[in-house]
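By convention in this document, chain letters (A, B, ...) are assigned in the order of the sequence lines, proteins followed by strands, and residues within each chain are numbered from 1. These figures come from a predicted structure and were not determined experimentally.
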Amino acid sequence: MGKTVPETIRHLIIVFGVLAVMMSIAAGLIWVERRLLGFWQDRYGPNRVGPFGILQPLADMIKVFAKEDWVPPFADRPVFILAPAIIVVTVLLAFAVVPFAPSISVADLNVGLLYFLALSSLGVYSVALGGWASDNKYALIGALRASAQMISYEVFMGLSLMGVVMLAGSFNLRAIVEAQRRLWFVVPQFFGFVIFLIAGVAETHRLPFDLPEAESELVAGFHSEYSGMKFGLFFVGEYLGITLISALIATFFFGGWLGPLLPPAVWFFIKTFFFIGVFILLRATLPRPRYDQLIRLGWKVMLPLALANLVVTGGIILAAG
Amino acid sequence: MLSLLWLVPALPFAGFLALALFGRRMGAFAAAVGTGSVGLSALFALAVAAGFISSPPPARIYTQSLWDWINVGGFKPGILLYLDSLSLVMVLVVTVVGFLIHLYSAEFMEADDGYSRFFAYMNLFVGSMLVLVLAGNLLLLYLGWEGVGLCSYLLIGFWYRQPENGAAAIKAFVVTRIGDTALAIGLFFLFLNLGTLDIQKMMNMAALRWQAGSAYPEIAAALILGGALGKSAQLPLQTWLPDAMAGPTPVSALIHAATMVTAGVYLIARTNVIFTMAPAVQFAVAVIGAATLLLSAASALVQHDIKRVLAYSTISQIGYMFLALGVGAWSAAIFHLMTHAFFKALLFLGAGAVISGLDGEHDIFKMGGLRRQMPVAFWCFLTGACSLAALPLVTAGFYSKGLILFSAWQSRRAGFWLWAAGIAGALLTSIYIFRLVFIVFFGKPKTAVVKKPGPRIVIPLVALAFLSIVGGFVNMPAFFGVKDVFSRFLESVFPVPPQAASLPETELLLETVSAIVSLAGVYVAYFFFLAAPEYSEEMARTAPGRALGKFWFSGWGFDWLYEKALVSPYRWFARANRNDAVDLIYSFIAAASRFFHYGLSLSQTGKVRFYAAVLALGAVITITIAVLAR
Amino acid sequence: MAAVPMEHVFVLAWVLFITGLVGVLVRRNLLFILMSVEIMLNASGLAFIAAGFKWGQPDGQVMFIFILAMAAAEVSVGLALVLLAYRQFRSLDADQASRMRG
Amino acid sequence: MEGVFYMAAAVAVISTALVIVQMNVVHALLYLILSLLSAAVIFVTLGAPFVAALEVIIYAGAIMILFVFVIMMLNLGTQSAGMERQWMRAGMWAGPAVLALLLLADVIYMLAVSPRVSGYAAKAAGPREVGIALFGPYLIGVELASVLLLAGLVGSFHLGRSVRQRLPEEGEAGGGEGD
């Protein structure tokens with residue numbers, strides 16, 4: 001691969017830049033979420049550390065790193081340690097294909113969308129193995145729930161994106177963004193957007209679909225036995241997941257970096273943060289459904305809807321030639 | 001008019017379908033459907049005939065192609081209806097006589113359980129027979145041929161609860177099947193050598209390709225003759241017909257007298273070109289006809305069963321037709337076929353009236369004096385008998401039989417002997433039929449009459465009696481100075497018979513001789529069976545008389561001969577081979593596979609890994625072989 | 001693109017396949033047997049992909065997709081059977097199945 | 001890319017070998033997933049990124065998670081590892097080893113005698129070509145595969161159902177999904 005030295009350097013800068021930005025966003029979200037929740041619930045949230053409590057993530061980080069790294073003696077040690085790493089690694093790897101701006105993306109794969117789906121499907125292992133390795137019945141039940149939920153929702157997450165692929169005619173994320181120059185795909189693919197949003201919430205097992213870790217019934221679900229930095233990795237992984245899904249919603253349905261006046265990257269971050277806000281708003285407002293309701297919603301409503309969306313889209317594209 | 005032709009066979013088939021599907025629920029209405037469909041068919045046939053005669057189609061041939069039956073590799077027999085004067089005559093005979101017999105059956109079979117079944121079979125028969133006579137190619141003809149054979153089987157065994165009826169049906173089926181097989185081989189032979197089964201094309205092709213008298217036409221004619229012999233109950237396949245009387249009497253009248261048994265005659269007439277080109281076989285036809293007519297007329301002389309007398313009589317009369325065919329008098333044969341259809345149907349129906357009148361009595365020696373008790377039946381039967389005996393001038397039989405005898409006389413080959421056989425047969429015919437008349441209708445009454453024939457029986461009888469008289473007037477001998485309408489009508493189909501140097505005087509002489517012979521027969525019958533029956537009884541008591549009577553009664557011992565020569569050895573072989581030598585091979589295979597099966601079932605351990613290992617081993621061996629064999 | 005010799009890819013596919021085969025033959029645990037079968041399927045899929053790459057034809061990938069579909073069906077039924085067998089025998093021993101008759 | 005191929009191949013071989021000698025099912029499964037992921041990397045080096053993605057999504061992501069799911073449902077205790085150890089005796093390796101060697105001999109012979117064909121087609125087939133082939137000449141295959149999947153669906157559904165009906169008190173042994 002004959003690349004010139006400046007190109008290689010530019011590439012490395014992008015790689016590490018994205019990594020740094022994502023990690024700091026994830027950390028920053030700890031503060032953002034708590035502040036926003038406080039705002040919507042008419043209370044303050046963290047406001048002691050630094051101005052507006054903005055240094056709260058730093059304080060949390062110190063706390064987490066300082067805690068004892070403890071593995072329960074009954075746990076399956078290697079798997080127990082491996083599990084939290086998986087989610088962070090897979091989500092960070094998934095960011096590789098996200099186009100932040102026309103020239104800023106780690107990898108410009110022509111099967112970028114499939115790459116994202118592949119990595120998001122691997123993220124299940126983190127939860128499942130973590131729960132299993134803990135050798136704790138709450139954790140195991142949480143893990144079972146998580147894997148069933150994530151397999152189910154992965155199916156139509158993929159299906160909902162196929163409409164976008166059909167319209168753009170490519171799996172490449174950059175090409176998908178370029179295809180939205182005239183019209184954001186949220187208009188022709190409104191159902192695809194709704195399905196993807198719901199599936200994204202379920203994939204990141206955020207409220208209201210956080211049944212794998214439902215505190216009220218399962219203590220803390222799959223990460224009951226985790227503490228210290230391993231717990232921190234799950235936590236960071238969740239925020240990274242939210243960011244990823246938001247970024248992808250922006251990419252797939254809201255024209256990615258496209259926008260007037262402002263630089264492309266700014267538009268991209270504006271859209272992404274908007275959807276992060278939507279995620280937090282969902283957490284603040286919606287109640288948690290029962291587990292069987294969740295699965296039923298997935299298979300009996302979302303899947304038919306996704307299929308119908310696919311058929312109609314395909315039919316219209318065929319009819320329009 | 002002519003385009004209505006397809007309706008003629010279609011209506012009886014429609015009737016059959018309706019009866020077969022809904023017959024059980026129809027009750028008495030079944031007769032209306034059965035008779036009505038054939039009646040309509042007869043009306044259409046008459047309309048077609050009117051059209052055919054008033055405005056003849058070009059070349060006097062009308063074809064109607066309904067659809068392609070098969071189309072495979074150049075073999076393309078269509079459902080093709082073919083109407084010329086010959087098939088028109090046959091269609092008229094079949095539909096008109098068929099209609100009258102259906103009408104008769106409506107009353108005759110009224111009390112029977114299988115009323116609708118009977119009409120279904122009868123309609124199927126009429127339809128098949130019409131297909132047979134209207135067929136434009138031999139394959140379709142063969143379809144009709146087998147169809148009538150099937151109906152014959154079904155109707156002979158109509159009262160299937162009695163085992164002997166079933167046996168008679170099977171016998172009829174099997175014996176005719178021998179002839180059918182010959183015919184089927186003949187069809188293959190013709191198709192192989194002429195490349196078509198379309199009758200007209202085939203005849204033209206045969207005339208072009210084959211030399212008269214060479215082996216090809218002889219073989220083809222012999223095979224066709226085989227089929228005709230079986231269906232028309234001629235020597236040596238005649239044994240089934242007397243037994244076929246087990247069926248209901250209208251069946252005997254329709255199938256075993258008027259129509260089906262004459263199919264052989266029709267077939268030979270239809271393929272007359274081939275027979276003309278095969279003089280040896282044609283002569284054989286004449287000889288077989290002559291022999292059959294003598295043999296069965298003699299048998300008819302000694303029967304006690306009224307229907308068996310008529311059955312032997314039928315064989316004998318068809319023998320006359322074969323004789324005519326054999327000497328090349330095609331139109332004479334068809335003429336006799338037509339008149340015979342009228343008077344023999346009449347005789348059977350009359351006999352049926354007598355039988356049902358006497359509550360199922362078949363033995364003529366238990367009848368007697370019915371002349372007064374059943375006058376209508378008597379007069380009609382007498383008309384039929386006169387026609388059969390060929391009483392001069394007034395009967396149809398006289399003209400048709402006379403024409404045959406005249407033609408036989410003219411034959412270049414053994415003409416005198418064939419004529420002599422015919423005239424001897426005529427004497428015997430006259431004797432046996434009037435023996436029947438005198439025994440049944442004269443003398444003292446022996447059995448009480450329980451049932452008088454109703455109108456639906458009387459009308460067909462009278463109609464047929466009428467036809468039996470006037471049917472002959474269409475073709476009078478030349479010396480009457482009247483045109484021979486019938487022969488001329490058929491001229492377009494048949495080649496002109498070889499005209500020997502004979503004068504009308506010869507014909508007059510011959511007709512006179514046959515008239516005298518038939519009258520003499522009547523007198524002989526009168527003398528032996530009415531005026532002085534003791535003489536005949538005396539004669540029957542003497543040793544040679546008894547032996548001869550027994551011999552003739554059994555139909556010249558053909559059944560006995562076949563039983564000994566064919567059936568018994570076959571049965572013996574079947575018994576000896578009860579365990580089927582060929583089967584041993586297969587049971588050995590079965591035993592071997594069972595053996596290996598037990599061996600292999602040992603390998604069924606239930607251990608999946610063992611299976612996988614063996615599978616892998618097998619794959620490795622296969623791959624190794626494949627690799628090394630490269 | 002890559003200049004990996006085709007023979008190397010096939011040897012790799014062979015090694016993976018044989019590993020799976022040995023796994024099927026050696027292990028008694030039904031789950032291990034199923035996994036070994038998956039290894040074998042994957043190895044054959046690898047061979048298809050390699051052949052398709054060699055000729056620049058999509059057929060190899062098509063075959064792999066069929067193998068995927070087949071594997072999905074096989075695993076879903078196989079695992080249901082494993083669950084059933086476990087409930088029946090309280091064990092995952094494949095040889096336990098030889099107790100079944102009929 | 002060559003280096004990537006050989007590294008991935010080494011990972012695949014080692015992890016696959018580890019799959020079949022593991023005592024713990026979950027560990028074996030993790031090695032299997034690793035093997036599949038390295039296979040996906042190999043696919044990418046062989047110019048088939050589309051299939052590589054499918055391998056990860058379906059094989060590693062869906063099929064293997066089913067295994068995890070079933071293992072979690074069975075929830076085998078620690079005694080199963082001991083059982084495995086007991087089942088795995090040294091003698092068991094002999095037969096398979098012989099078979100493997102035979103096959104090896106076949107393969108080496110084949111590779112030795114077959115003519116060396118070097119070089120690759122200029123262009124690798126992308127997702128578009130695969131899709132066109134799938135819904136063109138292989139349409140019947142796609143239909144059959146869908147029928148097969150349907151049969152698998154019905155079959156596993158039936159198997160899963162009948163357990164509950166026959167053994168109602170043991171149906172709860174599976175745990176999780178009911179509550």
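Heavy-atom minimum distance, A:Ser121 versus D:Val56: OG-O, 3.8 Å. Contact detail for A:Leu122 and D:Ala60: the closest heavy-atom pair is CD2-CB, 3.9 Å. Smallest separation of non-hydrogen atoms from D:Arg128 and A:Gly169: NH2-O, 3.6 Å. The minimum heavy-atom distance linking D:Ile65 with A:Tyr125 is given by the pair N-OH, 3.5 Å. For A:Ala128 against D:Met72, the heavy-atom pair with the smallest separation is O-SD, 3.8 Å.
The contact between D:Leu37 and chain A is made entirely by side chain atoms (from C-beta outward), counting heavy-atom distances below 4.5 Å. Heavy-atom distances place the side chain of A:Leu129, and not its backbone, under 4.5 Å from chain D. D:Ile33 touches chain A through its side chain: at least one heavy atom from C-beta onward sits under 4.5 Å away, while N, CA, C and O do not.
Residues from residues 131-141 of chain D never place a non-hydrogen atom less than 4.5 Å from a non-hydrogen atom of chain A.
Looking at D:Asn24, D:Leu29, D:Leu30 one by one, the single match for side-chain contact (heavy atoms from CB on, under 4.5 Å) with A:Val79 turns out to be D:Leu30.
A heavy-atom distance below 4.5 Å is not found between the side chains of A:Trp132 and D:Val68.
For D:Tyr31, the OH atom is loosely surrounded, since the number of other residues' heavy atoms within 6.0 Å does not exceed 12.
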